[in-house]
Protein chains: 2
Amino acid sequence: MSHATRLVHASRAGIRYGARMTTATAPPVGRRERLRTEAVQQIKAAGMDQLRTEGAAGLSLRAVARAVGMSSPGLYRYFASRDDLLTALITDVYDDLADTLERAREAAGPHLPDRLRAVCLAYYDWSDTHRPEFSLVFGAPVPTYSAPRDGSTTTAAQRFGAVFTGLLAEAWTQHAEHVARPPLLPLRPGVRLAVGDVPLPDDPRFVGVATRLWSRLHGVLALGLFGHLLPQTVEAAAVRTLYEAEVEDALHSLGLG
Amino acid sequence: MSHATRLVHASRAGIRYGARMTTATAPPVGRRERLRTEAVQQIKAAGMDQLRTEGAAGLSLRAVARAVGMSSPGLYRYFASRDDLLTALITDVYDDLADTLERAREAAGPHLPDRLRAVCLAYYDWSDTHRPEFSLVFGAPVPTYSAPRDGSTTTAAQRFGAVFTGLLAEAWTQHAEHVARPPLLPLRPGVRLAVGDVPLPDDPRFVGVATRLWSRLHGVLALGLFGHLLPQTVEAAAVRTLYEAEVEDALHSLGLG
DNA sequence: TTCGAGTGCGAGCGGTGCTAACACTGCGGT
DNA sequence: ACCGCAGTGTTAGCACCGCTCGCACTCGAA
């Protein structure tokens, strides 16, 4: 049992230090700590490589161990299980996606429709060029894997969602009266949506608008990227055409057309 | 090699006889042939059971063999590989779904909007009550599995799609001029869409309308059933609310509102 | 300096898909 | 009636998987 405790602790440390690749967190102080974070990064990189080439269910701890020149039991000093490694990778993927969307938003200038459009299209392009990653986070849940209760993936996912809901909230305060035929999705009692500390509109129509946008974008992406969309009948570029139509439709129904 | 040939032949026979569970095809004549079809049915039933409880990637040939009281190599007399069994199951799932939709269409009476609405809602209810099956056919492609070239799954999938496109074609001939803001999705050169022998409208707007309906329905289903839709924030029933809104939106934009 | 935490290893358990080699059954052709 | 062989099933086994156990070593803090 003390063994198991050490494993869990080791794994948590690995995930913690490796969560954000883009911004350097507090620098590791000791030599051992530095070596550990380097090993974690190397393992995650090898795992991500394998995930890209073999798919989510093809991720093999033993193969990752071989790739980093380590015996397979050695890997368990860094990740307590295959699911733990998967969780770390999913978190990184969410963060990468959120980074991409935030960059697109900032690069789009101050005009709100431009910003929302840019974010939507960046979402498409990221998904199109990161299909294994897209499958990993948005596809059918990996069997025998369930997201951890601590919510490390959930927080990363919310960062992604906040890019959309934040822009939608801006549009809502400006043009709420223009929204036509929104589905009414009341929040569960006690739930409050927010982007950071800024609360989102507490209106069933707003939740409906946000969810509908998200589901429409996702529908095109999922069908198109998974090859279910009228296979062989339309050009591949048609998927993006359909996606752009959904984006413009969304802007239009938000009074931003 | 003669061994391999026999395997392939055996597998094909198994798939052929087992493809349509609902309607009895040509009755097996010989005793051996009857025993074989029975074994195939039993294997597929056990496989479907396991798929429902363990998920698509958890389908294990050895476990199926144990369930039907057979050694695992014995199964290879009926299905040449795990992928072969998966293909047979996918085909059956498509057929079951198509049967369900066709029944809903016929039960809805002659009024076109009622028929289309009934089919859409039946699609939701089937997916909601058949989540593993939904994941199997519409989720991310199972890694290391690719649909066979012979298209046994494709034909079954087209039967499913034809329920939607057939009704859409009816609506199109009646109200094509009412369709607002459809995306233009030209077919690839030489491709002709048809339901059975009846050709579908050869109009980029029709393809756009059909694809957009399909992608919108799928978006809600995929996000809702896979748990990605604002988890913990809205009631579970809200997924159906959103879906119904998409259905009514589709009917409206088809001039059937 | 010491001693324990951190790190790594080989061996091994039970599971997987799949193959090889063999045995039996029963149907068809002579 | 009998033979031959396709069809069906078996056991043994390969290479892989996730994961655990028990041991060895090395570093760093007390």
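Chain naming here is simple, since letters A, B, ... match the order of the sequence lines and numbering starts at 1 in each.
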Nearest-Å distance, [atom1] ([X]) to [atom2] ([N])?
X	N	atom1	atom2	result
Q42(B)	dT8(D)	CD	P	14 Å
L75(B)	dT19(C)	CG	P	13 Å
E38(B)	dG9(D)	CD	P	12 Å
R62(B)	dG17(C)	CZ	C1'	7 Å
F79(A)	dG18(D)	CZ	P	14 Å
R82(B)	dT19(C)	CZ	C1'	18 Å
E33(B)	dG28(C)	CD	C1'	14 Å

Note to self: Between R159(A) and A156(A) (side chain of the first, backbone of the second, donor and acceptor by atom type, cut-off under 3.5 Å), is there such a pair?
What the structure shows: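 Checking the backbone N and O of A156(A) against the side chain of R159(A), no donor-acceptor pair under 3.5 Å is found.
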In terms of side-chain heavy atoms of [X], which of [options] is nearest?
X	options	value
R32(A)	dC9(C), dA20(C), dG28(D)	dG28(D)
R77(B)	dG18(D), dG9(D), dC18(C)	dG9(D)
Y76(B)	dC19(D), dG17(C), dT11(D)	dG17(C)
Y78(B)	dT8(D), dG18(D), dA11(C)	dT8(D)
M70(A)	dT16(C), dC19(D), dC9(C)	dC9(C)

Next item on the list: Would you sort out whether R240(B) and D125(B) count as a salt bridge (Lys or Arg N to Asp or Glu O under 4.0 Å), showing the intermediate values?
Entry: CA-CA 9 Å; R240(B) 201 175 205 277; D125(B) 292 332; 3.0 Å; yes
Taking only N and O in the side chain of [X], is any of them less than 4.0 Å away from OP1 or OP2 of [N]?
X	N	value
R34(B)	dG7(D)	no
R36(B)	dT8(D)	yes
S71(A)	dG8(C)	no

Note to self: Please verify the inter-ring angle class for F160(B) with Y123(B); under 30° counts as parallel, over 60° as perpendicular, anything in between as tilted.
What the structure shows: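 F160(B) vs Y123(B) ring planes: tilted.
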Check: Parallel under 30°, tilted from 30 to 60°, perpendicular over 60°: which one fits the rings of W214(B) and H218(B)?
Finding: tilted
Next item on the list: Mind checking S60(B) for me? I need base, sugar-phosphate or nothing, with any heavy atom below 4.0 Å counting as a touch.
Entry: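 Answer is sugar-phosphate: S60(B) comes under 4.0 Å of backbone atoms only.
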Check: Across the strands shown, which category fits L59(B) at heavy-atom distances under 4.0 angstrom: base, sugar-phosphate, nothing?
Finding: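 Here L59(B) touches the backbone only, sparing every base.
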Note to self: Quick check on DNA chain D: between P73(A) and R66(A), whose nearest nucleotide comes earlier from the 5' end?
What the structure shows: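 Taking each residue's closest nucleotide, the earlier one in sequence belongs to R66(A).
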Check: Does Q42(B) have any side chain to side chain contact (heavy atoms under 4.5 Å, CB included) partners at least two apart in sequence or in another chain, and if so, which?
Finding: V68(B)
